[in-house]
2 protein chains.
Amino acid sequence: MNIGEAADATGVTAKMIRHYEQIGLIREAGRTGAGYRTYGPKDLSTLSFIRRSRDLGFSIAQIRDLLTLWQDRARASGDVKRIAGAHIDEMKQKMRLLQEMVHTLEHLSAHCHGDDRPDCPILEQLATGKAEDGCC
Amino acid sequence: MNIGEAADATGVTAKMIRHYEQIGLIREAGRTGAGYRTYGPKDLSTLSFIRRSRDLGFSIAQIRDLLTLWQDRARASGDVKRIAGAHIDEMKQKMRLLQEMVHTLEHLSAHCHGDDRPDCPILEQLATGKAEDGCC
DNA sequence: CGTGCACCTTCCCATCATGTCAAGGTCAAG
DNA sequence: CTTGACCTTGACATGATGGGAAGGTGCACG
């Protein structure tokens with residue numbers, strides 16, 4: 001199986017497959033006489049695993065750990081759960097930051113009349129760091 | 001005022017100030033005879049403006065537009081509001097994605113006993129793409 | 001058999017915002 | 001004059017991905 005077919009089958013671009021090989025996330029693919037990379041069912045499983053992990057937002061480092069655990073028959077599920085938990089916490093933290101920014105900005109935006117006049121509390125806040133007078 | 005003092009005063013690192021100058025986000029700073037950059041009150045205002053914008057998650061491109069509007073006395077507040085609105089939408093979209101991933105992962109995690117046994121629905125899902133049997 | 005097209009290879013560069021490090025010049029205080 | 005803190009430029013790194021160039025390969029069709 002060619003790299004292009006493997007890419008189509010797993011949803012990981014050929015570009016990224018080569019990249020993952022280069023950083024040692026996946027083992028080096030076999031080669032044809034002409035130097036083309038070849039992939040078997042096992043490789044496809046691994047790539048799909050990586051793809052699903054990326055879809056869940058795991059970093060390459062985390063995926064590296066998950067792959068190791070996956071291939072370790074004597075693994076403890078607690079280890080997997082710990083990685084997932086850490087990732088969940090990271091994502092929740094990001095959401096909190098986003099939420100805060102959205103909140104602030106929506107607040108400012110609500111007080112901006114948004115017409116042709118130049119007066120604008122959003123710019124006001126960015127410029128001075130102070131909220132509008134008499135607000136809230 | 002030196003770049004270090006400007007950095008301390010605005011919370012933008014000296015490194016980033018030079019960077020912003022290089023990409024044309026801020027005008028080139030004046031120089032002393034020895035080549036040191038010098039900053040005045042106006043520059044500090046701009047840097048603070050940038051800093052607050054970054055704190056609200058605006059991209060450099062958006063900040064570029066905001067700065068232009070800020071310096072345009074004939075601006076329409078609607079333009080500012082539009083940029084802010086677009087940014088809010090982007091952030092909300094990111095939050096939605098994160099929320100989805102957190103949800104999926106928490107679900108999987110809840111069904112992982114997380115002890116020394118190797119059986120793990122998280123890895124299962126990553127490997128097969130299929131949810132556990134009889135779940136939900 | 002030749003031609004064309006789709007695919008493969010490697011290598012380099014770009015993103016975005018920021019950090020780190022290195023080698024060297026400058027300033028001010030002791 | 002030395003010392004230490006600061007400044008300068010420049011190069012390189014991050015993380016995950018995309019883009020493109022230059023050249024080799026495989027296959028189907030005429």
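Chain naming here is simple, since letters A, B, ... match the order of the sequence lines and numbering starts at 1 in each. Being a predicted model, the structure only gives us computed values, none of them experimental.
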When you compare the protein's N or O atoms with those of nucleotides 7-9 of chain C, which come within less than 3.5 Å of each other, and at what distance?
residue	atom	partner	partner atom	Å
C:dC8	OP1	A:Gly4	N	2.4
C:dT9	OP1	A:Arg37	N	2.9
C:dT9	OP1	A:Arg37	NH1	3.0
C:dT9	OP2	A:Arg18	NE	2.9
C:dT9	OP2	A:Arg18	NH2	2.7
C:dT9	O3'	A:Arg31	NH1	3.4

Rounded to the nearest 0.5 Å, how far does CD1 of A:Ile50 lie from CG of A:Leu47?
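The CD1 atom of A:Ile50 is 5.5 Å from CG of A:Leu47, to the nearest 0.5 Å.
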Interatomic spacing from CG in B:Leu108 to NE2 in B:His103 - rounded to 0.5 Å
10.5 Å
Please determine if B:Asp79 and B:Arg82 form a salt bridge, counting it only when a charged side-chain N lies under 4.0 Å from a carboxylate O.
yes
Quick test: give all pairs of protein nitrogen or oxygen and nucleotides 20-23 of chain C nitrogen or oxygen below 3.5 Å, distance rounded to 0.1 Å.
residue	atom	partner	partner atom	Å
C:dT20	O4	B:Lys15	NZ	2.4

With five pairs defining each end axis, the helix from C:dC1-D:dG30 to C:dG30-D:dC1 comes out bent, to 10°, by 30°
For the pair made of CG in A:Asp8 and C1' in C:dA6, what is the distance, rounded to whole Å?
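Atom CG in A:Asp8 sits about 13 Å away from atom C1' in C:dA6.
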If I take atom CD in residue B:Gln22 and atom P in nucleotide C:dA14, what distance separates them, rounded to the nearest angstrom?
13 Å
DNA chain D: first to last nucleotide in contact with chain A (atom under 4.0 angstrom from a heavy atom), 5' to 3', is D:dA16 to D:dG26
Donor-acceptor check, side chain of B:Asp65 to backbone of B:Gln62, threshold 3.5 angstrom: yes or no?
no
My understanding is that only residues two or more places apart in sequence, or in another chain, count here; which of them pass salt bridge (Lys or Arg N to Asp or Glu O under 4.0 Å) with [X]?
{"X": "B:Glu90", "result": "none"}
{"X": "A:Arg117", "result": "A:Asp115"}
{"X": "B:Asp119", "result": "none"}

Less than 4.0 angstrom between a side-chain N/O of B:Tyr20 and OP1 or OP2 of C:dA17, yes or no?
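For C:dA17, neither OP1 nor OP2 has a side-chain N or O of B:Tyr20 closer than 4.0 Å.
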Do the side chains of B:Lys92 and A:Glu106 get nearer than 4.5 Å, heavy atoms only?
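Contact flag for A:Glu106/B:Lys92 side chains = yes.
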Scan the side chains in residues 30-37 of chain A for donor-acceptor partners under 3.5 Å anywhere in the protein, sequence neighbours excluded, and list what turns up.
residue	atom	partner	partner atom	Å
A:Arg31	NH1	A:Gly35	O	2.8
A:Thr32	OG1	A:Ala34	N	3.2
A:Thr32	OG1	A:Gly35	N	3.4
A:Thr32	OG1	A:Tyr36	N	3.1
A:Arg37	NE	A:Glu21	OE1	3.1

Counting only heavy atoms not in B:Asp116 (residues, nucleotides, ligands), do more than 12 fall under 6.0 Å from its CG?
no
Is atom NE2 of A:His113 surrounded by more than 12 heavy atoms (other residues, nucleotides or ligands) closer than 6.0 Å?
yes
Does any pair with a residue in residues 6-16 of chain A pass side chain to side chain donor-acceptor pair (under 3.5 Å), and if so which ones, sequence neighbours excluded?
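Sorted pair list comes back empty.
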What residues in residues 83-103 of chain B put a non-hydrogen atom under 4.0 Å from any atom of DNA chain C?
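Residues of residues 83-103 of chain B that come under 4.0 Å of DNA chain C do not exist, since none gets that close.
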For DNA chain C, determine which residues of residues 41-63 of chain A have any heavy atom closer than 4.0 angstrom to one of its atoms, and list them numerically.
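Hits under 4.0 Å, by residue number: none.
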The ring pair (Phe, Tyr, Trp, His ring centres under 6.0 Å) partners of A:Phe58 (sequence neighbours excluded) come to A:His87
With a 4.0 Å cut-off on heavy atoms, is A:Thr13 in touch with a base, just the backbone sugar-phosphate, or nothing at all?
sugar-phosphate
